[in-house]
Number of protein chains: 2
Amino acid sequence: MKQRPPKLTEIADRLDISTATVSNALSGKGRVSAELAKRIKQTAEELGYVPSVSARALRTGMTGVIGLVLPDIGNPLFPQIAQAIENAATDAGFGVLIADSRGSIKAQTEAIRHLRDRGVDGMIVVPRRGTRVANIGCPVAMIDSPSTPGNTVSADHWGGGWLIGEHLQKLGHRKVLLIGNNRDSIVQNDRLGGARAALADVTTEQVWLDSLSLPSASAFDPLSWYRAGFTAFVTVSDLQALRVLTHLQNAGITVPAMASVSGFDDLMFASAVIPALTTVRMDMPAVAGIAINALKQAIEAGSTSPDQTVRASPDRVPMTLAARRSTGPAPQEEGENPLFQIPSEGELKS
Amino acid sequence: MKQRPPKLTEIADRLDISTATVSNALSGKGRVSAELAKRIKQTAEELGYVPSVSARALRTGMTGVIGLVLPDIGNPLFPQIAQAIENAATDAGFGVLIADSRGSIKAQTEAIRHLRDRGVDGMIVVPRRGTRVANIGCPVAMIDSPSTPGNTVSADHWGGGWLIGEHLQKLGHRKVLLIGNNRDSIVQNDRLGGARAALADVTTEQVWLDSLSLPSASAFDPLSWYRAGFTAFVTVSDLQALRVLTHLQNAGITVPAMASVSGFDDLMFASAVIPALTTVRMDMPAVAGIAINALKQAIEAGSTSPDQTVRASPDRVPMTLAARRSTGPAPQEEGENPLFQIPSEGELKS
DNA sequence: CTGAAAGCGCTTACAG
DNA sequence: CTGAAAGCGCTTACAG
């Protein structure tokens, strides 16, 4: 049984004043003598008064809820995003309604409409690849990539790539392989582009796994690149990095002694692997805070912009390098080529 | 600018009938001639009518929203849970408001209160270790473990453990190490207990990482167990399994040729590792569906139970084994002990 | 500084 | 089968 919480009138009756005054006092809009206001707040406290969100929403047209739309809730980065958004939203006084776009663009549109119908005041959208969100009736903050048009705020993926490139360059690597898995992803292009820029003096090669025949991931063999002299593998995600790392280790290539591997995003398993994964992390709380703030302002302003995508400043947040054990100095070539010392997989297994 | 959607009165005016009739027709409660009802629905469609959730909520006392409370949104299992709940809830016509208990029990209580204040009709709680949720004013469905008192529905963790135990036993392993990381966790005890039961005929040893001095995880060394003749490592989570697997690999122990490793939950990285991780998976959609259904019934019934924790049937869902490459036949001991063939870590790295 | 009154958009007894 | 009316619990001009 839902227990009926005390209402405004009850505290008004108790103090023998009008509900208008109680409302004014509680919302702190002034217009009430300090002394009375204090008494009102006190008895509200005593009675455990909690305003009815439905009533307020009906009256003001604002629900105090924002929607969070994600390309895929199953996404490994989701926990970080959701947690950061939830915290920022809670601090800003908003509730967070989630929506899963379940993969398809159509489902994303539907999810957005659903949220709108539920009356959210605004929404945070992490769009599907290249999606532009059509005009809905409320302000929208987009988190994607600084180079994406319409983006509100995001991490500086290019800068993050630069960090990892610089790190490997300083470690003395001379041949670095850059690995992406979707050539259409702006985020991935930014990350790899940054790394390439920092590695201007060294030999780099770039591969897109999406160009390989399926199952693409398993078709990629880091060993052949290793034999070709590549000593560092830069990937655009920790998942990819994990794959490369374990592939190498499984074949007897020790990391980081023989090869270095790096990822992106600092997923929860990154520090659980042995050796721990060097990765580049976004400052999610910062990104979320900026997005929520921008959204809040737009909501309070009544969001008059024609295109209701919100802008924020700064619109990009620096990434930080978590240098861990999976990256190390490039192997030294003393006399003979270390590449010939690798035990073969068969040898190890016997 | 939030565009004002058409209201009930508009469609009533257009058809020159009362809003009561429109409301009745739209809610399909009968009481309206079929012919009129059809016309009403049609013009509602034309006008793009969307009922105001706030108004309806204020009037009926039901918001059509449920809360999802999780011990820690950062939890690696969160994406699976959230996605399953979101889908089931959407199908049942509910919106999902998320709340993060941010680790502490106190924060969990606060999160729950927050949701209640926001007017949710009910909530799904994945409780913190051993937490019982106090009386709030709405039905609650708990997802924890079948052996947890007050549990509404969950996966059959014991049965899952049994599956992995059986699998290893069939593969011929004679010495199996069971690894948990929190001896107070009912879920973990269930999982390990099931495995032990299936391994009744083989030598098992059980270790709790929480009992080691910190940093506990890094203090645990699977190598010493391997040298002691253990050929299979059963962990209660994929994260733990990943750690053991990579630790072995890094030391030159090939998996599964020399040792087998298994996890739980089928986290997204489980199939990305090489060799892919054998793991036991929950049927999250089933669990979520049952929880949401039970909750829905309680909500519609007005939830008269004293303790408002909802019961469901079935209250446990079978787990399934995903047998992958990280588990294989126990190494054969032909003549000499294979344990002496392991290349030492130093040897490999040089 | 305080209060009386209207109204947000629905649903639901209650009449007819 | 259909409608007139009340009311869910607030907030907000508007008077006083």
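Proteins get letters first, then strands, A, B, ... in listed order; numbering begins at 1 in each.
With 3.5 Å as the limit, one finds a donor-acceptor pair spanning the side chains of B:E86 and B:T90. If you check the side chains of A:D121 and A:T63, you find a donor sitting under 3.5 Å from an acceptor.
For the segment residues 51-59 of chain B, the set of residues with a heavy atom within less than 4.0 Å of an atom of DNA chain D comprises B:L58, B:R59, in numerical order.
Listed pair B:Y49 / C:dG9 fails the phosphate criterion, with no side-chain N or O lying under 4.0 Å from OP1 or OP2. Distances shorter than 4.0 Å separate none of the side-chain N or O atoms of A:T60 from OP1 or OP2 on D:dT12.
Residue A:S23 is in base contact, counting any heavy-atom pair closer than 4.0 Å across all strands shown.
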Convert the base pairs of DNA chain D into dot-bracket notation, remembering that pairs crossing earlier ones are written with [ ] and that bases paired across to another strand are shown as |; include only Watson-Crick or G-U pairs under 3.5 Å. |||.||||||||.|||
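Closest approach of A:L295 and A:G122 over heavy atoms only: CD2-C, 4.1 Å. A:I292 and A:A92 make their closest contact through CG2-CB, 3.7 Å (heavy atoms, listed as atom of the first residue, atom of the second, distance).
The closest donor-acceptor contact from the side chain of B:Q80 to the backbone of B:M282 lies at 3.5 Å or more, if one exists at all. Checking side-chain atoms of B:S23 against main-chain N and O of B:T19 turns up no donor-acceptor pair under 3.5 Å. Counting only distance, with no hydrogens or angles, the side chain of B:R311 and the backbone of B:G150 share no donor-acceptor pair below 3.5 Å. Remark: the backbone N or O of B:L70 is paired with a side-chain donor or acceptor of B:S101 at under 3.5 angstrom.
Atom CD1 in B:I11 sits about 14 Å away from atom P in D:dT2, given to the nearest Å. Following rounding to the nearest Å, A:L26 (CG) and D:dT12 (P) show an atom-to-atom distance of 13 Å. Atom CE in A:M62 sits about 12 Å away from atom P in D:dT12, given to the nearest Å.
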For nucleotides 3-5 of chain C, print each protein N/O atom paired with a nucleotide N/O atom at under 3.5 Å, atom names and distance only.
{"from": "C:dG3", "atom 1": "OP2", "to": "A:S18", "atom 2": "N", "distance (Å)": "3.2"}
{"from": "C:dG3", "atom 1": "OP2", "to": "A:S18", "atom 2": "OG", "distance (Å)": "3.4"}
{"from": "C:dG3", "atom 1": "OP2", "to": "A:T21", "atom 2": "OG1", "distance (Å)": "2.8"}

Between B:E46 and B:K41, is a salt bridge (Lys or Arg N to Asp or Glu O under 4.0 Å) present by the stated rule, with each step listed? CA-CA 9 Å; B:E46 283 173 24; B:K41 281 176 191 161; over 6 Å; no
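For A:K7, counting side-chain heavy atoms from C-beta on, the closest listed nucleotide (C:dT2, C:dT11, D:dG9) is D:dG9.
Within the 4.5 Å cutoff, the side chain of B:I81 has no heavy atoms near those of the B:I124 side chain. In this structure, A:D144 and A:V126 have side chains that are not in contact, with every pair of non-hydrogen atoms separated by 4.5 Å or more.
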